[in-house]
Amino acid sequence: MSLQLVIPPPRAGLARCRCGCIPRHVAILGRGNTLGRIGDTAGHGVRHRIECSHCGRQTPEQASLFQAETIWGGPFQQQPLPLKWSKAA
């Protein structure tokens with residue numbers, strides 16, 4: 001099982017998403033129990049992701065916030081990221 005926490009953005013803030021919304025920093029604790037990760041011993045530490053709650057755009061899970069920010073990009077420097085879709089319940 002994993003726990004996801006939304007962390008307040010750093011003082012400088014994060015670059016806005018291309019949809020215009022302010023993204024959030026998510027810290028993931030634990031390794032998760034999704035198929036393929038059960039019994040996986042890697043990744044027991046904290047992982048970081050930056051995501052837009054409006055359009056669903058997100059970075060892959062990273063080992064540090066700095067790596068996630070580098071992928072997301074600074075103000076006016078965001079690179080296109082693939083959207084991760086989930087089925088509605």
Side-chain angles (χ1 to χ4, degrees):
M1 176 163 28
S2 64
L3 176 68
Q4 297 185 13
L5 303 169
V6 177
I7 307 294
R11 174 170 259 200
L14 298 168
R16 286 186 176 265
C17 183
R18 290 183 184 251
C19 71
C21 292
I22 298 172
R24 58 187 180 181
H25 168 212
V26 178
I28 302 126
L29 307 165
R31 63 183 161 93
N33 58 357
T34 59
L35 188 61
R37 297 198 71 169
I38 297 172
D40 183 14
T41 58
H44 283 276
V46 179
R47 295 176 312 283
H48 303 269
R49 179 176 69 222
I50 297 175
E51 67 180 30
C52 176
S53 61
H54 184 265
C55 70
R57 189 169 304 225
Q58 65 184 15
T59 62
E61 294 177 4
Q62 300 296 316
S64 72
L65 175 58
F66 178 75
Q67 291 172 328
E69 288 177 341
T70 302
I71 292 171
W72 186 263
F76 308 109
Q77 296 178 345
Q78 186 187 18
Q79 301 297 318
L81 298 172
L83 292 175
K84 184 176 180 180
W85 296 96
S86 61
K87 291 184 177 182

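Treat the numbers as computed from the prediction; the structure is a model and nothing was measured.
Closest approach of His48 to Ala63, counting heavy atoms only: CD2-O, 3.6 Å. Nearest heavy atom pair, residue Cys17 against residue Cys55, reads SG-SG, 3.6 Å. Taking all atoms of both residues into account, the shortest heavy-atom contact from Ile7 to Ala27 is CG1-CB, 4.0 Å.
In this structure the side chain of Arg49 reaches within 4.5 angstrom of the side chain of Gln4, judged on heavy atoms.
Here the CZ atom belonging to Arg47 is positioned 11.0 Å from the CD atom belonging to Gln62, to the nearest 0.5 angstrom. Atoms CZ and CG, from Arg24 and Leu5 in turn, are 11.5 Å apart once rounded to the nearest 0.5 Å. Taking CZ of Arg16 as the start and CD1 of Ile22 as the end, the distance is 4.0 Å to the nearest 0.5 Å.
Trp72 places no side-chain N or O within donor-acceptor distance of the main-chain N or O of Thr59, the cut-off being under 3.5 Å.
Both Val46 and Leu3 are members of a single hydrophobic cluster when ILVMFWY side chains are connected at heavy-atom separations under 4.5 Å.
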